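Quick note: numbers below take in every heavy atom, side chains included, and nothing from hydrogens, waters or symmetry partners. This one's a predicted model, so the numbers in the text were calculated from it and none came from an experiment. Numbers for residues simply follow the sequence, beginning at 1.
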Amino acid sequence: GSEMCIRDSPNSVTIIGEAAFDRCNSLKDVTISDNVTLIRSGTFFNCKSLIAVVFLGDAPKIEKNVFKGAAPTIYRQPEAKGWGDTWGGRPVKLISEKP
């Protein structure tokens, strides 16, 4: 499907690299594990279909233009730390609010 999960990687991804999903037009829904501590610039650049990014842990550090050309809603765990009403310029909601 169009869902991608970075939860089960053997190396426990901690950084999502620059432009990792650059122009990934079919990507709609991404789940990011609680091991991730940094999201590099342009990670989701021009991911025009991206509607949801789910974070299982605390808010990672974020570089600039992560969501340039993309407009997802961010979903987070209620107990996770470091989240505000927006993250990377995108609205943040609780996972329980995800449609």
Side-chain angles (χ1 to χ4, degrees):
S2 62
E3 186 159 327
M4 172 161 188
C5 187
I6 309 176
R7 188 183 303 144
D8 304 314
S9 81
N11 304 330
S12 296
V13 175
T14 57
I15 294 174
I16 298 184
E18 207 160 312
F21 301 106
D22 186 358
R23 296 182 185 83
C24 193
N25 290 326
S26 60
L27 191 65
K28 291 182 180 160
D29 198 305
V30 180
T31 298
I32 294 176
S33 84
D34 55 3
N35 296 320
V36 172
T37 56
L38 173 63
I39 302 215
R40 305 295 299 264
S41 62
T43 295
F44 297 106
F45 179 74
N46 267 358
C47 291
K48 295 191 187 310
S49 303
L50 188 62
I51 52 171
V53 182
V54 176
F55 285 90
L56 300 180
D58 296 345
K61 292 189 179 79
I62 187 171
E63 292 185 350
K64 63 186 190 308
N65 297 328
V66 165
F67 297 115
K68 188 168 183 165
T73 300
I74 308 299
Y75 295 95
R76 67 171 182 92
Q77 302 277 30
E79 69 279 6
K81 298 176 178 64
W83 296 104
D85 293 335
T86 63
W87 186 82
R90 301 304 311 151
V92 174
K93 296 184 175 183
L94 295 176
I95 286 177
S96 59
E97 298 177 80
K98 190 171 184 274

ILVMFWY cluster, Phe45 and Ile32 together (side-chain gap under 4.5 Å): no
Plane angle bin for Phe44 and Phe21 - parallel if under 30°, tilted between 30 and 60°, otherwise perpendicular: parallel
Beyond-backbone contact of Tyr75 with Val53, side-chain heavy atoms, under 4.5 angstrom: no
Minimum side-chain heavy-atom gap Ile74-Trp83 below 4.5 Å: yes
Residues in side-chain contact (heavy atoms from CB on, under 4.5 Å) contact with Ala20, at least two apart in sequence or another chain: Ile16, Thr43
Rounded distance (nearest 0.5 Å) linking atom OG1 of Thr73 with atom CD1 of Ile51: 8.0 Å
Any residue meeting side-chain contact (heavy atoms from CB on, under 4.5 Å) with Ser49, in chain and number order, not counting sequence neighbours: Lys28
Anything under 3.5 Å between a donor and an acceptor, one on a side chain of residues 56-69, the other on a protein residue two or more places apart or in another chain? List them.
unit_1	atom_1	unit_2	atom_2	d
Asp58	OD1	Lys81	N	2.8
Glu63	OE1	Arg40	NE	3.2
Glu63	OE1	Ser41	N	3.0
Glu63	OE2	Arg40	NE	3.1

Common cluster, Val92/Val30, ILVMFWY with side-chain heavy-atom separation under 4.5 Å: yes
Shortest non-hydrogen contact between Asp29 and Leu50, atoms and distance: N-CD1, 4.0 Å
By side-chain contact (heavy atoms from CB on, under 4.5 Å) - contacts of Glu97 (at least two apart): Lys93, Leu94
Sequence neighbours excluded - ring-ring contact (aromatic ring centres under 6.0 Å, His included) pairs with any residue from residues 22-42: none
Arg90 (side chain) donor-acceptor with Pro72 (main chain) under 3.5 angstrom: yes
Contacts of type side-chain contact (heavy atoms from CB on, under 4.5 Å), residue Asn46, not counting sequence neighbours: Arg23, Lys48
